[in-house]
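It should be emphasised that the depicted structure is a prediction, and the values quoted were computed from it without experimental measurement. In what follows, every chain begins at residue 1, and chains take the letters A, B, ... in the order their sequences are listed.
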Number of protein chains: 2
Amino acid sequence: MLEEAARRELLCATGLNDVYLEQLFTFGEPSRDPRSHVVSVSYMALLADPKRIAKPASKYARGEWFEVSALPPLAYDHALMAEYGVKRLKSKLEYSNIAYNLLPEVFTFAQFEGLYELILARPIDRRNFRRRILTMGLLRELPSKLRGAHRPAALYSFNKRSLQIIEML
Amino acid sequence: MLEEAARRELLCATGLNDVYLEQLFTFGEPSRDPRSHVVSVSYMALLADPKRIAKPASKYARGEWFEVSALPPLAYDHALMAEYGVKRLKSKLEYSNIAYNLLPEVFTFAQFEGLYELILARPIDRRNFRRRILTMGLLRELPSKLRGAHRPAALYSFNKRSLQIIEML
DNA sequence: CCAAAAGTGTTTTAAATACACCCATGC
DNA sequence: GCATGGGTGTATTTAAAACACTTTTGG
């Protein structure tokens, strides 16, 4: 199975396990690898915590993190694949709860909003966004609060931590 | 190239040429073909006129038409592929001008609306729909009219006959 | 003049947008 | 008491939805 192969490969290369995985596109230009005709089925993985890739558990990890805005030169057409993934993520953010893969179990609304602003690469009006998301019932507020240097922030969780397709922006 | 292979195969099997083609999904379950492990990259083709598949030009055509609501039993996981294609078309209809592949150069608004109602499988309010589509500038009205048994209908064409992504419904 | 399909406007309702101040805490 | 980030409300604008009659033609 392709997805299982992708998971195996990901585990092997980065030590990552149990991540959201989504097939993106299959590339088959004969010229993409000058040596032989290779067909590649690309997948995108999402995870909330970059530290997971640096854990001691993954002794043989070769993964490294880059900002998508500052990728190093990639082999073959892999930059295309990355671009495709970002595009898919951006659009899926607008009609699903896919963000649950990119946040911890529990988070503040500021984190949630920050994620959207980061990925969509545009500022979002806090009040309007909050109203929309909360009336939509995407999140549930937890009784506890995050205590920190400033006013304590309400904590939230996703109502469902499985992919829900919902028109949301 | 995968898309070229799909076009070749389509031409060979149905005599169809110059159609819109879009990659859908790549299936790789080992069990999908009991004899050997086959990976299939599925594509969807769109064409306006079903008669194109029955033309004399395609002597060796083996294509046959079915309503998606009444497909015969298909080999392997091909029913899944068809379902996937319908899903993709439905959603793309709502945020692009992909419909230009499913209508002749010139058509009436009733045809246009009928296409949407058919694919989305729900009735659409004529007045609201018309207003939205026309103010959106998706179509351009032609000077001539279609004369028939009843009141002549205005004729329209798509402004652009290439895929445009536009939030439209 | 009748049947059939084409065409058109208004009112109501809901959603999106724009926008600025107060609150709670740690230091 | 001040710096910092968290939290909130209203008025305006825009878009969606609901809804039914008139027009034009051929026969």
Side-chain angles (χ1 to χ4, degrees), chain A residues 90-91 93-97 99 103-158 164-169, chain B residues 90-91 93-97 99 103-158 164-169:
Chain A
K90 270 190 187 180
S91 80
L93 213 52
E94 312 216 4
Y95 66 87
S96 80
N97 66 344
L103 287 170
E105 277 290 342
V106 165
F107 46 87
T108 66
F109 200 89
Q111 282 177 278
F112 181 81
E113 188 187 331
L115 177 70
Y116 274 73
E117 289 180 323
L118 182 68
I119 295 172
L120 300 178
R122 56 174 160 96
I124 297 177
D125 182 277
R126 204 191 324 171
R127 289 166 291 188
N128 295 336
F129 186 64
R130 192 190 197 87
R131 187 169 348 130
R132 229 173 355 179
I133 298 298
L134 293 183
T135 61
M136 187 185 301
L138 191 61
L139 306 179
R140 71 162 178 280
E141 189 173 345
L142 305 178
S144 54
K145 300 233 169 207
L146 178 70
R147 304 185 57 83
H150 304 295
R151 175 172 178 176
L155 290 171
Y156 294 88
S157 262
F158 277 87
Q164 311 286 312
I165 302 301
I166 312 162
E167 198 63 51
M168 41 175 302
L169 289 195
Chain B
K90 270 189 185 181
S91 79
L93 213 52
E94 312 216 5
Y95 66 88
S96 79
N97 66 345
L103 287 170
E105 276 290 341
V106 166
F107 47 87
T108 66
F109 200 90
Q111 281 177 281
F112 180 82
E113 187 187 332
L115 177 69
Y116 274 73
E117 289 180 322
L118 182 68
I119 295 173
L120 300 178
R122 56 175 160 94
I124 296 177
D125 182 277
R126 202 192 324 171
R127 290 165 290 186
N128 295 335
F129 187 65
R130 191 190 196 88
R131 188 168 348 127
R132 231 174 353 180
I133 297 298
L134 293 183
T135 61
M136 187 185 302
L138 191 61
L139 307 178
R140 72 163 177 281
E141 190 173 344
L142 304 178
S144 55
K145 300 234 168 207
L146 179 70
R147 304 185 56 83
H150 304 295
R151 177 172 176 174
L155 290 171
Y156 295 87
S157 261
F158 277 88
Q164 310 285 313
I165 303 301
I166 312 162
E167 199 62 52
M168 43 176 298
L169 288 196

How close or far is atom [atom2] of [N] from atom [atom1] of [X], stated in whole angstroms?
X        : N      : atom1 : atom2 : result
B/His150 : C/dC2  : NE2   : C1'   : 11 Å
B/Leu155 : C/dA6  : CG    : C1'   : 12 Å
B/Ile166 : D/dA15 : CD1   : P     : 15 Å
B/Arg151 : C/dC2  : CZ    : P     : 20 Å
A/Ile124 : C/dT17 : CD1   : P     : 11 Å
B/Met136 : D/dA15 : CE    : P     : 11 Å
B/Arg126 : D/dT22 : CZ    : C1'   : 12 Å
A/Ile133 : D/dG7  : CD1   : P     : 15 Å

Query raised in the report: Who are the ring-ring contact (aromatic ring centres under 6.0 Å, His included) partners of B/Phe158, not counting sequence neighbours?
Result: B/Phe107, B/Phe112

Could you go through nucleotides 9-11 of chain D and list every protein N or O atom that sits under 3.5 Å from one of its N or O atoms, giving the distance for each pair?
{"residue": "D/dT10", "atom": "O4", "partner": "A/Arg131", "partner atom": "NH2", "Å": "3.2"}

**Report entry** Close approaches to DNA chain D from residues 104-115 of chain A, in residue order (heavy atom, under 4.0 Å)
**Finding:** A/Ala110

Query - Sorted by number, the residues of residues 142-149 of chain B with heavy-atom contact under 4.0 Å to DNA chain D - result: B/Arg147, B/Gly148, B/Ala149

The criterion is side-chain hydrogen bond (donor to acceptor under 3.5 Å, both in side chains); which residues satisfy it with [X], sequence neighbours excluded?
X        : result
B/Arg131 : B/Asn128
B/Gln164 : B/Ser162
A/Arg151 : none

Requested in this report: For residues A/Glu94 and A/Leu120, report the shortest heavy-atom separation together with the two atoms involved.
Outcome: OE2-CD2, 3.5 Å

Query - Heavy-atom pair with the smallest gap, counting every atom of A/Arg127 and A/Asp125 - result: N-OD1, 3.1 Å

Query raised in the report: Side chain of B/Arg130: nearest nucleotide among C/dT25, C/dG7, D/dG5?
Result: C/dG7

**Report entry** Partners passing side-chain contact (heavy atoms from CB on, under 4.5 Å) against A/Ile165 (at least two apart in sequence or in another chain)
**Finding:** A/Tyr95, A/Ser96, A/Leu163

Query raised in the report: How would you list, by chain and number, every residue that makes a side-chain contact (heavy atoms from CB on, under 4.5 Å) with A/Arg126, sequence neighbours excluded?
Result: A/Glu113

Query raised in the report: In chain order, what residues pass the salt bridge (charged side-chain N to carboxylate O under 4.0 Å, His left out) check against B/Glu117, with sequence neighbours excluded?
Result: none

**Report entry** ring-ring contact (aromatic ring centres under 6.0 Å, His included) contacts in which one or both residues fall within residues 134-156 of chain B, not counting sequence neighbours
**Finding:** B/Phe109-B/Tyr156

